[in-house]
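Shown next, in structure tokens, is the structure this report addresses.
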Amino acid sequence: MAEVKEFTLPDLGEGLTEAEVVRWLVEVGEVVAVDQPVVEVETAKAMVEVPCPYGGVVTARYGAEGEELAVGAPLLTVAVGADASAPAAAEGSGSGGADGVVAEADGADAAEDGGAGETSGAVLVGYGTGAPPARRRRVRPTPVPAAAAGQVNGVASGYGRHAVTPEVPVRAEAAEPAPGPVPVISPLVRRLARQNGVELRTLTGSGPDGLILRADVERAIGAAGAPAAEPSAAAASAPAADAGEVRIPLRGLRGVVADKMSRSRREIPEATCWVDVDATELLAARRAMNAAGGPDAPKISLLALLARICTAALARYPELNARVDTEAREIVRLERVHVGFAAQTDRGLVVPVVRDAHARSAESLSEELGRLTGAARDGSLTPGELTGSTFTLNNYGVFGVDGSTPIINHPEAAMLGVGRIVPKPWVYEGELAVRQVTQLSLTFDHRVCDGGVAGGFLRYVADCVEQPAVLLRGV
């Protein structure tokens, strides 16, 4: 006898509590293998294909494309076991049985699907590793006699077209709720039932293949003597929008950014200091480096040079490569430097992370920064590439502005901002000259250090920008 197992949305990364369903990769009634990707979701950090830890027949999907699901919410249910893909027997008066599903292998000698004892090989938080994947197969439903259709508790598909009917005893409306998936696909129907205390498992659906409809829930509410609550009750209690007013939900990436920035401002007593810097020599050094590499060699970016300067400065002022443990009331200094850099994308602001930046050369930093920037633009960054930074570099000069007081990327202790580099009058070697000038700003957590340390860090960075040879002292 097949066992129906529920697969919930796993924890996809640090701080992620929800994900949006982008695209379903399997249909209801399809045979899936252990670790086969079943849905593509978009978190606030990246697009992720979620593999299923069970092998068997998909009996239900939860969440339409474009709908947000919380971590731990049901994604789909799978009938697993030795007879999961065999025709399922149906019980009911007036019918000796119902035809089940007929498997179609994608190729000859298709592999058998996993049983209840198989485990997942996926490396996602929430379930472990184990068996290799089997080949994927589809199933073709055969018609169910009308007499049996109203008596067999099948599991409806996401579109109400197919039903997989594991061997489950027929239950009356007043019987105890049976385990397994509930034949309802509408989130509005689920919300209506939840708001009025209706147990969906006790209802017999009037829709196709026993699908529970809104009318079924409303009848149950009326029988109990309770007024039906509209699914839009929460929206009705919201303030009425003015004419021409546009409301944009704070969810997905924008919601995570809003929460993180708010937390940073609540918890971190930040301060900002800044300095104008002559970057003419740094630009000349970059041109010399790229010329020495030849026309076919990878070019070193200005951001890579700034990142290299920051790692050298953090070696001198380790107080800023830290975080504060508020519960333990301790400052935690970190040995490794993982540099995050702010990147504006079509999805919003993201902070990819160059890991172990302190151990990289300018050429290696440039290569990794380029790779991460490309991944940020096409939305292929993984959660691991977006978490764990210890210091952030923010080049807001690309937006054509000179200065800023950025909010620290919680739980870090500091962020260096770089304004645009423009020709300005500058006193150089005692004479007025036109030089390439930029403004550097350092926003720091005043709990980890005082102004002397922050000023020393910023001054060292400024000296390296004005005289790149200063870096040679530490090489």
Side-chain angles (χ1 to χ4, degrees), residues 2-28 30-81 84 113-134 136 155 157-158 179-182 184-185 187 190 194 251-257 259-260 347 350-353 375 379-388:
E3 177 185 1
V4 177
K5 290 194 173 184
E6 183 179 77
F7 173 44
T8 60
L9 179 65
D11 182 355
L12 299 172
E14 178 183 338
L16 300 177
T17 59
E18 60 189 14
E20 179 180 328
V21 177
V22 175
R23 181 167 59 100
W24 282 102
L25 305 177
V26 295
E27 298 286 344
V28 171
E30 184 172 330
V31 176
V32 297
V34 173
D35 287 347
Q36 176 182 324
V38 293
V39 64
E40 185 180 67
V41 300
E42 182 177 18
T43 70
K45 297 182 180 294
M47 299 277 283
V48 179
E49 285 189 352
V50 180
C52 181
Y54 310 123
V57 179
V58 177
T59 59
R61 301 186 318 195
Y62 301 94
E65 293 181 357
E67 181 180 348
E68 282 196 345
L69 299 177
V71 169
L75 266 181
L76 49 76
T77 52
V78 180
V80 301
D113 289 297
E118 288 185 288
T119 56
S120 169
V123 188
L124 285 177
V125 181
Y127 49 88
T129 58
R136 161 180 186 175
V155 182
S157 75
V182 181
V184 55
I185 59 172
R190 289 183 179 276
R194 184 169 62 250
R251 67 182 187 184
L253 177 60
R254 175 56 57 190
V256 168
V257 170
D259 293 341
K260 197 166 189 178
R347 296 178 60 237
V350 296
V351 184
V353 181
S380 62
L381 287 170
T382 65
E385 292 171 329
L386 287 163
T387 54

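These figures come from a predicted structure and were not determined experimentally. All values below come from the heavy atoms of this structure, side chains included, with hydrogens, waters and symmetry mates left out.
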Atom of [X], atom of [Y] and distance for their closest heavy-atom approach:
X	Y	value
Val26	Pro37	CG1-O, 4.2 Å
Leu381	Ala375	CD2-CB, 3.5 Å
Cys52	Leu76	SG-CD1, 4.1 Å
Gly55	Val34	N-CG2, 3.7 Å
Glu49	Pro51	O-CD, 3.4 Å

Looking only at atom types and distance, does a side-chain atom of Glu65 sit under 3.5 Å from a main-chain N or O of Trp24, one as donor and one as acceptor? yes
Quick one: are Thr77 and Tyr62 in side-chain contact, heavy atoms under 4.5 Å? yes
Min side-chain heavy-atom separation Val58-Val38 under 4.5 Å: no
Apply side-chain contact (heavy atoms from CB on, under 4.5 Å) to Val4 and Glu6, showing your working. CA-CA 7 Å; Val4 177; Glu6 183 179 77; over 6 Å; no
Are Val39 and Leu25 close enough, and set up right, to give a side-chain contact (heavy atoms from CB on, under 4.5 Å), and what steps lead you there? CA-CA 5 Å; Val39 64; Leu25 305 177; 5.5 Å; no
If I take atom CG from residue Leu9 and atom CG from residue Leu69, how far apart are they, to the nearest 0.5 angstrom? 6.5 Å
